[in-house]
Novice: 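Sharing a structure with you now.
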There are 2 protein chains.
Amino acid sequence: MANQTVSYLEVDRPTPECPVEVTLHALRGRWTTLVVRELLGGARTYSELAGALAVSDKVLADRLAQLVECGVVERSRVAGWPPRVSYALTPRGQALRGVLDALWEWGSHDCS
Amino acid sequence: MANQTVSYLEVDRPTPECPVEVTLHALRGRWTTLVVRELLGGARTYSELAGALAVSDKVLADRLAQLVECGVVERSRVAGWPPRVSYALTPRGQALRGVLDALWEWGSHDCS
DNA sequence: CAGAATCCGAGACGATACTG
DNA sequence: CAGTATCGTCTCGGATTCTG
């Protein structure tokens with residue numbers, strides 16, 4: 001995964017478009033990380049995701065479109081009937097695993 | 001920093017209150033990570049933060065209150081005149097450095 | 001100096017209804 | 001099956017004004 005030597009602190013000017021913002025923008029939305037988490041277990045169809053996540057169609061479709069646009073998820077139609085669509089993580093999406101682990105790590109400590 | 005062996009994938013049920021959500025909730029808001037980034041360089045007064053971040057008073061005050069509530073930032077009045085308030089990261093706040101580095105890492109790769 | 005109060009607009013969520 | 005359309009609600013952000 002390239003070089004890990006660059007630190008968040010080593011950049012001169014904090015702008016709203018810095019890499020940290022890019023990542024948070026990709027993960028934006030209450031259900032986004034849960035969708036990614038599902039797909040880390042392998043490709044899923046739309047209905048499988050809908051069944052696993054108890055989320056409305058609108059929100060699920062919105063988040064999937066967002067993830068596709070960010071290059072995290074790839075969408076593909078499955079031949080045959082009934083029509084199905086499969087969603088899978090791209091290599092870039094797979095790379096989110098480390099990010100989610102870091103978020104999990106910090107959030108699992110007590111706040112007291 | 002405790003054990004890093006737990007993975008985001010190893011948990012049974014994804015809930016809106018899982019640790020990942022805790023972290024994203026703490027970092028919620030466009031300016032939050034930039035405030036944390038400033039404080040990673042050491043304690044800052046309110047006006048120092050305001051000068052460095054070109055953000056409105058309302059938003060800055062909102063984000064600081066949020067970070068204090070999450071246990072990330074500690075607020076302390078400075079004696080003397082004019083009245084000043086100093087903000088500094090708690091140990092829990094310092095621990096965000098690794099999280100921000102992970103977010104930076106992922107976001108700095110091209111999407112193409 | 002360090003904010004609080006108020007008002008407005010944008011975006012995300014949620015439920016419901018409808019369609020290729 | 002896999003969405004889109006619509007509507008109401010809520011939170012965040014930005015600007016302005018005011019105060020201990």
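A, B, ... follow the sequence lines: proteins, then strands. Residue 1 opens every chain.
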Novice: Under the rule for salt bridge (Lys or Arg N to Asp or Glu O under 4.0 Å), what residues qualify as partners of B/Arg28, not counting sequence neighbours?
Specialist: none

Novice: With a 3.5 Å distance limit and no angle check, can you tell me whether B/Thr23 reaches the backbone of A/Gly107 through a side-chain donor-acceptor pair?
Specialist: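 Here the side-chain-to-backbone pair exists.
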
Novice: With sequence neighbours excluded, tell me which residues meet side chain to side chain contact (heavy atoms under 4.5 Å, CB included) with B/Ala88.
Specialist: B/Ala43

Novice: What string of B, S and - do you get for nucleotides 13-20 of chain D 5' to 3' if you count protein non-hydrogen atoms under 4.0 Å?
Specialist: BBB-----

Novice: For B/Gln66, which residues count as a side chain to side chain donor-acceptor pair (under 3.5 Å) partner, sequence neighbours excluded?
Specialist: B/Arg63

Novice: My understanding is that only residues two or more places apart in sequence, or in another chain, count here; which of them pass side chain to side chain donor-acceptor pair (under 3.5 Å) with B/Ser56?
Specialist: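 Residues passing side chain to side chain donor-acceptor pair (under 3.5 Å) with B/Ser56: none at all.
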
Novice: List in chain and number order the residues that pass side chain to side chain contact (heavy atoms under 4.5 Å, CB included) with A/Ser76, two or more places apart in sequence or in another chain; answer none if no residue qualifies.
Specialist: A/Ser86

Novice: Which residues pass the side chain to side chain contact (heavy atoms under 4.5 Å, CB included) test with B/Ala26, not counting sequence neighbours?
Specialist: A/Trp106, B/Cys70

Novice: Does anyone know the first and last nucleotide of DNA chain C in reach of chain A, 5' to 3', at under 4.0 angstrom to a heavy atom?
Specialist: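 Reading along DNA chain C, I get C/dA12 to C/dA15.
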
Novice: In whole angstrom, what separates A/Leu64's CG from D/dA2's P?
Specialist: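 So the CG-P distance, A/Leu64 to D/dA2, works out to 11 Å.
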
Novice: Tell me whether the OP1 or OP2 atom of D/dC1 has a side-chain N or O from A/Tyr87 closer than 4.0 Å.
Specialist: no

Novice: State which residues pass side chain to side chain contact (heavy atoms under 4.5 Å, CB included) with A/Val73; sequence neighbours excluded, sorted by chain then number.
Specialist: A/Leu39, A/Leu67, A/Val68, A/Tyr87, A/Leu89

Novice: Taking five pairs at each end, how big is the angle between the two axes of the helix from C/dC1-D/dG20 to C/dG20-D/dC1, to 10°?
Specialist: 50°

Novice: Under the salt bridge (charged side-chain N to carboxylate O under 4.0 Å, His left out) rule, what pairs show up with a residue in residues 44-55 of chain B, not counting sequence neighbours?
Specialist: B/Glu38-B/Arg44

Novice: Just how far, in rounded Å, is C1' of D/dG3 from CZ of A/Arg77?
Specialist: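 That distance rounds to 11 Å.
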
Novice: Could I get the full list of side chain to side chain donor-acceptor pair (under 3.5 Å) partners for B/Tyr46, not counting sequence neighbours?
Specialist: B/Asp57

